[in-house]
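This one's a predicted model, so the numbers in the text were calculated from it and none came from an experiment. Both counts, for ligands and for their atoms, begin at 1 and track the order of listing. Numbers here simply count residues along the sequence, with the first being 1.
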Amino acid sequence: MDMFCFQCEQTAAQKGCIKQGVCGKSGDCAILQDELLDRLIELVNCAELNDENIKLVVDGLFMTITNVNFDEAQIQEYIEKIRKKINCNYDYNIRTLWRSDEDIRSLKSLILFGLKGVAAYYHHAMVLGYKNSDIEKFFFEALSAIPKNLSKQELFDLVLKTGEINLKCMGLLDEANTKTYGNPAFKKVTTNIEKGPFIVVSGHDLKDLELLLEQTKDKGVNIYTHGEMLPCHAYPKLNKYHHLKGNFGTAWQNQQKEFDNIPAAILFTTNCIMPVKTSYRDRVFTTCVVGYPDVIHLEKDFTPVINKALELGGYKEDKKMTGINGGDVLRVGFGHNSVLSAADKIIELIKSGDIKHIFLVGGCDGAKTGRNYYTDFVKLTPKNSLVLTLACGKYRFNDLDLGEIKGIPRLLDMGQCNDAYSAIKVALELAKAFDCSVNELPLSMVLSWYEQKAVCILLTLLFLGVENIKLGPTLPAFISPNILKILSEKYKIKPITTPDKDLEEILNRCQK
Ligand code: FSO
Ligand code: SF4
């Protein structure tokens, strides 16, 4: 039996991985992840919605996101856990979906992959004690719809509902993060590493970082964020720890090079973990839903990570490191709270013509060539424009100093991918202030996608009726030509072309 997976942007030949994942997932691991989805679909059809079952569904979906879990033993164990909860005869095989009519498969894939993204965000909210019954009901409703014989219209409605629920979920996570750790505020983060023992913490989980900071408090070990953990520096209750020193490395796809023989321990709290090379395997640790064969998996006692960092000792001298454009300062902390506190000034600058346009250039980074489009695009944006950014795609340009417009920095890092919620809040507030729709604002979205969290964010933007999104570097393989036609007609979504052409088209359209 061969595997089949086409859920991410780097899927083989833009069609699907069938022998082994381009991400490094083995055929057997992919088949087990499909089996995990089968059992989850059986669970929502047989078992009641309670705390234990919702956790199984949420974490189970999260484990099947790209670059989260490569550990067959861990996945098998999880399948057995779910099996014990299935108390009726319901049999489903996700392969029937992969073989079905391409438009139905396309719509159901949008729901299923979007739902995986929502699961990731709900997981982070739950960890901080935040829950919502509408979101929980939707996991059961949407998953149980996958085997059903539904019309395209019914499925399309469910696709948009996935976007609506994701908006609610990102709102819940925003509330969880800001109530627990305070509102993000502007902070300069260094890319340089101090001498001495250190730990690099990757992924997206704020709670794990807090636990690690607490457990390393008086141990002489410094902590550096990696990838999507960078925005953590902006939260007052996280940056109060003086040993949270800076940010190590760039976006996820560079980790095999950047972690090569690193004299530090690395903790992965969520995606994106790549196949772990032997040159640094002994110093990698995973926690929660992340797993990799022969890598030590920990629950919430991080003593082995700390001991490994002490044993490795870190760099002997302070080490100068930079982002990909040579800058060594990253500016973070422009969530909705700080941007909206400057809203009056931004509105005034838009009215006076000092700010002519706002670009949201955000989303995931990735390994494929062509993603330098986003660096070039940002470099080309006119000096009288703001660039909002979020998620790991920003590493293409977040070490650039784009200057300021009358005291407002031109490049505003809003945070992680889930902080798309901040961008949406800001856009809605501006629309209110100008008494127009978001589509009428001088605001354009140029997005990059890679994995399934980006799918649910896209669905949220569609639910909100946002038009003219430019999406790249390539379009999802799981969207059929017919569904793509509907999306382009209804929402005017377009694939990216070249930075100058796209910029010209955006600015011309907005002048009309
Ligand atoms: Fe990136 Fe990975 Fe945050 Fe994703 S590190 S690619 S969209 O996991 O979730 O932005
Ligand atoms: Fe292929 Fe992406 Fe699936 Fe990995 S997650 S197997 S790269 S489609």
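Atoms of ligand 2 found under 4.0 Å from any heavy atom of Gln10, numbered from 1 in the order shown, are 7 (S). Close contacts of ligand 2 with Met3, meaning ligand atoms under 4.0 Å from a residue heavy atom, involve 6 (S).
The aromatic rings of Phe113 and Phe6 sit perpendicular to each other, their planes meeting at more than 60°, with 30° as the lower class boundary.
For the residue pair Tyr450 / Gln253, no side-chain donor-acceptor distance below 3.5 Å is found, with atom types taken as modelled.
Every side chain to side chain contact (heavy atoms under 4.5 Å, CB included) that Pro409 has, sequence neighbours left out, goes to Phe334, Leu412. With sequence neighbours left out, the side chain to side chain contact (heavy atoms under 4.5 Å, CB included) criterion links Ala265 to Ile199, Phe285, Val305, Lys308, Ala309.
Residues Gln7 and Gln452 approach most closely at O-NE2, 3.0 Å, considering heavy atoms.
Contact shell of ligand 1 (protein heavy atoms, cutoff 4.0 Å): His204, Glu228, Trp252, Asn271, Cys272, Cys364, Ala391, Cys392, Cys417, Tyr450, Glu451, Lys453.
Of all protein atoms, those that are N, O or S and lie under 2.8 Å from atom 3 (Fe) of ligand 2 total 1.
Remark: the backbone N or O of Gln416 is paired with a side-chain donor or acceptor of Asp419 at under 3.5 angstrom. When atom types are taken as modelled, the side chain of Thr269 and the backbone of Val201 share no donor-acceptor pair closer than 3.5 angstrom.
A heavy-atom distance below 4.5 Å is not found between the side chains of Phe138 and Val118.
In this structure, Tyr292 has its ring center no closer than 6.0 Å to that of Phe268.
Surrounding CD of Glu77 are at most 12 heavy atoms belonging to other residues, nucleotides or ligands under 6.0 Å away.
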